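See structure below.
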Amino acid sequence: MKVEKIAELCGYELCGSDCDIRTISYADRALGNSLAIVHTKKELLSTKAETILTEPRFFCTDKSMLIISDPLDVAAVKIAKMLVQNGELKLYGRPVYHCVDGYFTADHVEIGENTFISPGVFLDEDVKIGNRCRIDPNVQICGGTVIGDDVSILAGSVIGADAFCHYQDGGLQSFPGIGRVIIEDHVEIGCHTIVQRGSFSDTVIGQGSKIGNLIDIGHDVQIGQNCKIVSQTGIAGRVRIGNGVTIYGQVGIANHVVIGDRAIVMAQSMVTKNVEIGEKVSGRFARKYSEEMRRQVEMNRR
């Protein structure tokens, strides 16, 4: 869809050249044919997209810019829905299921060789499952999800749940998301875990990662390879977790936090800021583990 046409239909202003837009995405995931949602100057400088969506401000850039009159989150949802109506993107709703060998499948589902699907499983439209996977009873895999080879998903989990994405437009509104969930090879996901689809990009779980029970993985989260995430952890939207990270039980991670490779987050930590590569953090404010232990000793001496 031409960006000039989007601007015309939404009542926005285009500064720069016209081009075709196939999707809308957060700046860090956006490519050449994407409309990048830009919140900061840093995102503007780093995005690979040629056209950006931003609130009125002064930027020195050679990129085309769509200047909006709505709040940024409202404009992003409005344009996403427009691209859905134009056939560029897809929103997944409630599919029509067919019962096959005790489980339920919608249209355009692909299942690899030697993959075992248990009774009571629901596979939504456009789901792709690789070879030698195990899907336990009462799992729901929502529309557009892509699962690699040798993946195990244990009972009661939901993969690709609607994004917990909200915006203010005459009241608090929900947006289910246009992204997918991508689970790479050799991943294990425990019982009753929820993985939300991306709101404007994909939620990704990297190869070899092990995800425990009763975990909520938010929209647009990126989890690297060979990570271990223990039960009852909550990961908010757009968190980025590097490779080889260990996160113990009952951890809470705030929006947009970046956790570096090989970092360790101890149990019941509240992570509200970035964690450096190889760092070990602990406690209510996720301080360095050695510092938190000193504080605990000092408190016990009082």
Side-chain angles (χ1 to χ4, degrees), residues 23-31 34-49 52-55 68 71-80 83 89 91 142 144-146 158-168 172-184 187 189 193-206 209 211 215-225 227 229 233-243 245 247 251-261 263 265 269-277 279 281 286:
T23 187
I24 180 171
S25 182
Y26 289 118
D28 59 338
R29 313 270 190 99
L31 300 176
S34 300
L35 180 61
I37 304 168
V38 170
H39 296 85
T40 65
K41 183 178 180 180
K42 181 179 178 181
E43 290 182 343
L44 170 68
L45 295 175
S46 63
T47 187
K48 296 179 181 178
I52 65 172
L53 177 72
T54 188
E55 293 176 330
I68 60 178
L72 186 53
D73 53 356
V74 173
V77 171
K78 184 183 292 187
I79 292 170
L83 291 170
L89 300 173
L91 281 175
C142 300
T145 297
V146 178
V158 179
I159 311 300
D162 285 355
F164 192 71
C165 178
H166 300 95
Y167 60 101
Q168 288 283 354
L172 192 61
Q173 306 290 327
S174 297
F175 180 60
I178 55 174
R180 304 170 297 170
V181 173
I182 298 176
I183 299 176
E184 297 181 355
V187 169
I189 295 178
T193 285
I194 297 174
V195 183
Q196 298 174 25
R197 73 169 62 253
S199 53
F200 296 103
S201 54
D202 294 332
T203 301
V204 180
I205 300 178
S209 290
I211 312 297
I215 290 174
D216 188 353
I217 297 174
H219 62 87
D220 304 279
V221 167
Q222 286 183 300
I223 298 174
Q225 298 181 3
C227 293
I229 302 178
T233 287
I235 303 173
R238 298 188 65 190
V239 169
R240 285 188 291 155
I241 297 172
N243 298 321
V245 171
I247 299 172
V251 167
I253 304 175
N255 288 319
H256 311 296
V257 164
V258 177
I259 298 179
D261 294 348
V265 182
S269 297
M270 182 175 68
V271 184
T272 59
K273 59 184 179 181
N274 293 349
V275 178
E276 299 298 326
I277 293 173
E279 189 174 14
V281 298

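This structure is a prediction, so every number in the text was calculated from the model and none was measured.
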Practice task
Determine the interplanar angle of the F175 and F200 rings, folded into 0 to 90°, and report it as parallel if under 30°, tilted if 30 to 60°, perpendicular if over 60°.
Solution key: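 Ring orientation, 0 to 90° scale: parallel.
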
For [X] against [Y], the heavy-atom pair lying closest together:
X	Y	result
I37	H39	CG2-CE1, 3.7 Å
T23	S34	CG2-OG, 3.2 Å
D162	Q196	O-CG, 3.9 Å
C227	S209	N-OG, 3.0 Å
T40	V38	O-CG1, 3.3 Å
E55	L72	OE2-N, 3.2 Å

[X] side chain vs [Y] backbone, donor-acceptor pair below 3.5 Å:
X	Y	answer
E279	V275	no
R29	D202	yes
D261	I277	no
R197	A163	no
Q225	G206	no
T47	E43	no
D220	S201	yes

Let me confirm one number: the [atom1]-[atom2] distance from [X] to [Y], rounded to the nearest 0.5 Å.
X	Y	atom1	atom2	result
I223	I235	CD1	CD1	4.5 Å
I194	I215	CD1	CD1	11.5 Å
L35	S25	CG	OG	9.5 Å
L44	I52	CG	CD1	4.5 Å
I182	I159	CD1	CD1	13.5 Å
Q222	T203	CD	OG1	9.0 Å

State, with a plain yes or no, whether a side-chain heavy atom of [X] is found less than 4.5 Å away from one of [Y].
X	Y	value
R238	N255	no
I205	I217	yes
I247	V271	no
V195	T145	no
I178	I24	yes

Exercise for the section: Could you tell me whether F164 atom CZ has more than 12 heavy atoms of other residues or ligands within 6.0 Å of it? Expected result: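 Not more than 12 within 6.0 Å, no.
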
Handout entry: Check against side-chain contact (heavy atoms from CB on, under 4.5 Å), V158 and C142
Key = CA-CA 8 Å; V158 179; C142 300; 4.1 Å; yes

